[in-house]
Amino acid sequence: MNDQDDRIARLLLAQDVAEFLYREAEILDERRYEEWLALLADDIRYWMPMRRNVKFGEGEREFTRAGTDIAWFDEGKDTLTRRVRQIQTGIHWAEEPQSRIAHLVSNVQVVEASPSATEPHEVAVKCRFLIYRNRVETETDILVGKREDTLRRVANDWQIARRTIILDQSVLLSKNLTFFF
């Protein structure tokens, strides 16, 4: 494969990944949770560390550590499925009435494809997100950050095998985190 073919393969892969992430955002916005669960690999790790304000030069302390410190989320498919089931009961206090949510995804970058961009089995992806949520009359949340995902090719589609969510803010003003990133 020559250099131009490799660039074309990377562009096509990046477009395919971006379309997958945009479709996922639409599924979440429309509360199609069964479809969203189908996008998750059985061995998914859905992790959102807490962020601290630290002094200059102490960057290694900025985020809580996986497996050692507390995190906003450290979940697998079973826990995510239970969260969806709870929302679907219709008696979930934090989602009654239901939130109006918009997921905006941008700056999608394919970091690595293995074994290659022409035949990817797993893809490391970074993107930025903005989540807008409005609830009842006065509750409005805006969360901004980045995601680092590992997507796995299953049949002719992608599944999310790993998701790390990094919020830009260190203090959450949201009353709850019942939505998905």
Side-chain angles (χ1 to χ4, degrees), residues 14-53 62-64 70-110 123-152 154 157-181:
Q15 183 63 32
D16 189 39
V17 165
E19 287 177 12
F20 171 80
L21 295 176
Y22 301 152
R23 180 167 43 102
E24 179 201 11
E26 189 74 14
I27 287 169
L28 286 171
D29 290 351
E30 293 178 355
R31 300 181 194 100
R32 296 175 4 223
Y33 296 122
E34 294 300 325
E35 286 181 56
W36 183 70
L37 289 171
L39 299 179
L40 308 180
D42 289 339
D43 63 341
I44 187 172
R45 178 151 190 235
Y46 185 89
W47 184 62
M48 185 167 79
M50 291 183 166
R51 188 172 212 160
R52 302 179 184 112
N53 293 319
E62 186 174 5
F63 297 99
T64 56
I70 193 168
W72 291 112
F73 298 115
D74 193 354
E75 299 182 282
K77 189 160 186 180
D78 182 57
T79 324
L80 293 166
T81 301
R82 280 187 272 153
R83 286 179 54 203
V84 163
R85 299 291 179 257
Q86 186 179 25
I87 291 168
Q88 289 174 328
T89 64
I91 54 172
H92 190 277
W93 69 267
E95 280 300 312
E96 183 57 42
Q98 291 181 326
S99 298
R100 292 165 293 279
I101 298 178
H103 291 76
L104 305 178
V105 177
S106 70
N107 300 20
V108 177
Q109 302 171 38
V110 173
V123 179
V125 179
K126 289 184 178 183
C127 69
R128 300 292 296 184
F129 68 82
L130 183 144
I131 297 175
Y132 171 85
R133 174 172 74 164
N134 180 266
R135 240 185 121 252
V136 291
E137 290 82 22
T138 58
E139 293 178 30
T140 298
D141 298 309
I142 298 175
L143 295 116
V144 178
K146 68 180 177 179
R147 293 191 321 218
E148 298 172 357
D149 292 340
T150 300
L151 304 181
R152 185 179 299 143
V154 176
D157 204 359
W158 296 104
Q159 283 192 333
I160 304 163
R162 302 282 175 273
R163 172 157 289 165
T164 300
I165 304 148
I166 306 292
L167 288 178
D168 284 348
Q169 57 263 57
S170 62
V171 176
L172 278 179
L173 302 176
S174 301
K175 291 184 178 180
N176 60 58
L177 287 174
T178 55
F179 52 92
F180 303 99
F181 287 82

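Keep in mind that this is a model prediction, so the values were computed, not measured.
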Any heavy-atom pair between the side chains of [Y] and [X] that's under 4.5 Å?
X: L177; Y: M48; result: yes
X: R133; Y: L143; result: no
X: D42; Y: Q159; result: no
X: D29; Y: F179; result: no
X: Y22; Y: V108; result: yes
X: I142; Y: I131; result: no
X: L80; Y: F180; result: yes
X: D149; Y: V17; result: no

What pair of heavy atoms forms the shortest contact from [X] to [Y], and how long is it?
X: F129; Y: R147; result: CD2-CG, 3.6 Å
X: Q169; Y: V144; result: OE1-O, 3.3 Å
X: P49; Y: T164; result: CD-CG2, 4.4 Å
X: E24; Y: W36; result: OE2-NE1, 2.9 Å
X: Y46; Y: R83; result: CE2-NH1, 4.2 Å
X: I87; Y: T178; result: CD1-O, 3.4 Å

Rounded to the nearest 0.5 Å, what separates atom [atom1] in [X] from atom [atom2] in [Y]?
X: L28; Y: Y33; atom1: CG; atom2: OH; answer: 7.0 Å
X: Q109; Y: E148; atom1: CD; atom2: CD; answer: 10.5 Å
X: T81; Y: L37; atom1: OG1; atom2: CG; answer: 4.5 Å
X: L130; Y: H103; atom1: CG; atom2: NE2; answer: 10.0 Å
X: C127; Y: L104; atom1: SG; atom2: CG; answer: 11.5 Å
X: R162; Y: D43; atom1: CZ; atom2: CG; answer: 5.0 Å

*Step by step, work out the side chain to side chain contact (heavy atoms under 4.5 Å, CB included) result for R23 and L39.*
CA-CA 10 Å; R23 180 167 43 102; L39 299 179; 4.0 Å; yes
*Could you please spell out the steps behind the salt bridge (charged side-chain N to carboxylate O under 4.0 Å, His left out) verdict for D74 and R45?*
CA-CA 7 Å; D74 193 354; R45 178 151 190 235; 2.9 Å; yes
*Scan side-chain atoms only and decide if R85 and Q88 contain a donor-acceptor pair under the 3.5 Å cut-off.*
yes
*Using the test side chain to side chain donor-acceptor pair (under 3.5 Å), find all partners of N107 that sit at least two apart in sequence or belong to another chain.*
none
*asked:* Keeping K77 on the side-chain end and L40 on the backbone end, is there a donor-acceptor pair under 3.5 Å?
replied: yes
